[in-house]
Number of protein chains: 2
Amino acid sequence: MLTRKEFTAAQERAAGMIREAGIPVTEEELGRVEVADFGLSRLDREGAQILTLAATDRIAAKVIVLFSGQTLPEHWHPRVGDDPGKEETIRVVAGVLRCYIPGADTLREGFVPQGKQDAYTVRQELLLGPGGQITLTPGTKHWFQAGEDGVVMYSFSTVARDVLDQFTDPNVQRVTRIVD
Amino acid sequence: MLTRKEFTAAQERAAGMIREAGIPVTEEELGRVEVADFGLSRLDREGAQILTLAATDRIAAKVIVLFSGQTLPEHWHPRVGDDPGKEETIRVVAGVLRCYIPGADTLREGFVPQGKQDAYTVRQELLLGPGGQITLTPGTKHWFQAGEDGVVMYSFSTVARDVLDQFTDPNVQRVTRIVD
């Protein structure tokens, strides 16, 4: 869970980074940036800030912000009925994204959050700067970590059903609780 | 058709506008900006410059550039087999987009290209600035025109099959011919 104060501070910080990255957004949009702690209650280590620009029953376009030192937990997009699962292209706008996918362990720049070795199992490291992108096919496990200056990126995808994403860490809860 | 010289000049001009808009792109990407004259051979009036960032059999993300005074001809995305047709969200990054869709004729800021009254039939005018966006459902006729300073925008869509787009102007040919 997050306190209201933590939520507001993270939302404002993310809004500043989105603007700094040169992405034009409206005030209304900045006011609905989601702050996700994935139920882990340590937002500075594991979390993400997400602005959904467009979401229909066919596609989604989002801006994802990770603060310096912040990791978006390992997950994958499973098949849902007739949908083979979400396909997602990540494209970096500002900062460096450390992206981890299946393959040989090449983790060098990044780190697994302390005490979470079992929750981060794929460790092929890709470092993506501005203009760098990767397409993640359905079912592919992945996790993201910001470089030292944080990262701002787009996610272009097929329909997003975030609550159905599957996480390696059994403690993850996709819906963030905010307490006053 | 376009001459090689026209093609190169348009590609370089579009590349400059994309960079000026603050969109990070690689040199490789700038070198494959498409220049479309829609077979009309008057690129300064009717045409578009298009950079495909990502295209799979499920989604596409593009950057579309229109120069000042340039109009992207009226078209729509038809059903293709099991696909109900392309759904497209346009989001402006820089400049003003004059967007025309079905509805009451409110065309004021823009203009129908000279001698082309029959080829531009939908005339409800929407003016979108940076951060402005619209989602076009399949089958919806639409055309775009740049404001005075040109426009740079994203197109986030379901699978793009451009050669199957349908145009009101029977003279349109979607594949651009370049002559030396």
Side-chain angles (χ1 to χ4, degrees), chain A residues 15 17-32 51-63 77 79 82-97 128-138 140 151-160, chain B residues 15 17-32 51-63 77 79 82-97 128-138 140 151-160:
Chain A
M17 287 174 66
I18 292 170
R19 287 232 157 119
E20 184 75 19
I23 299 174
V25 283
T26 65
E27 284 297 323
E28 181 274 327
E29 287 170 333
L30 292 181
R32 58 181 170 76
L51 170 58
T52 298
L53 299 176
T56 72
D57 59 359
R58 301 180 70 192
I59 61 170
K62 303 179 178 191
V63 177
H77 309 292
R79 170 177 285 279
D82 290 341
D83 182 344
K86 187 171 89 165
E87 178 196 281
E88 180 173 31
T89 293
I90 295 291
R91 185 176 175 92
V92 175
V93 181
V96 170
L97 174 67
L128 301 175
Q133 74 177 39
I134 183 174
T135 296
L136 299 157
T137 52
T140 301
V151 65
V152 179
M153 55 192 153
Y154 283 107
S155 163
F156 311 131
S157 75
T158 58
V159 58
Chain B
M17 286 174 67
I18 292 170
R19 287 231 156 120
E20 184 75 17
I23 299 175
V25 283
T26 65
E27 284 297 324
E28 182 274 325
E29 287 171 334
L30 291 182
R32 57 179 171 78
L51 170 58
T52 299
L53 300 175
T56 72
D57 59 0
R58 300 180 71 194
I59 61 170
K62 303 180 178 191
V63 177
H77 309 293
R79 169 178 286 278
D82 289 341
D83 182 344
K86 187 170 90 166
E87 178 197 279
E88 181 173 32
T89 292
I90 295 291
R91 185 175 176 93
V92 175
V93 180
V96 170
L97 173 66
L128 301 175
Q133 74 177 37
I134 182 173
T135 296
L136 298 157
T137 53
T140 301
V151 65
V152 179
M153 55 192 154
Y154 283 108
S155 164
F156 310 131
S157 75
T158 58
V159 58

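Chain letters run A, B, ... following the sequence lines, proteins first and then strands; every chain starts at 1.
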Largest heavy-atom contact set with chain B, pairs under 4.5 Å, which of A/Thr26, A/Val93, A/Thr89, A/Thr135: A/Val93

Tell me, for A/Ile23 versus chain B, whether the close heavy atoms (under 4.5 Å) come from the side chain, the backbone, both or neither. neither

Distance check, rounded to the nearest 0.5 Å: A/Leu53 atom CG versus B/Gln133 atom CD? 6.0 Å

Any donor-acceptor N/O pair, B/Glu87 side chain to A/Arg58 backbone, under 3.5 Å: no

Among A/Ala94, A/Gly129, A/Pro24, A/Gly131, which residue forms the greatest number of heavy-atom pairs with chain B at distances under 4.5 Å? A/Pro24

Interface check, chain B: of A/Ala21, A/Pro84, A/Ala60, most non-hydrogen pairs under 4.5 Å belong to A/Pro84

So, taking the atom named CZ in B/Phe156 and the one named OH in A/Tyr154, what distance separates them when rounded to the nearest 0.5 Å? 5.5 Å

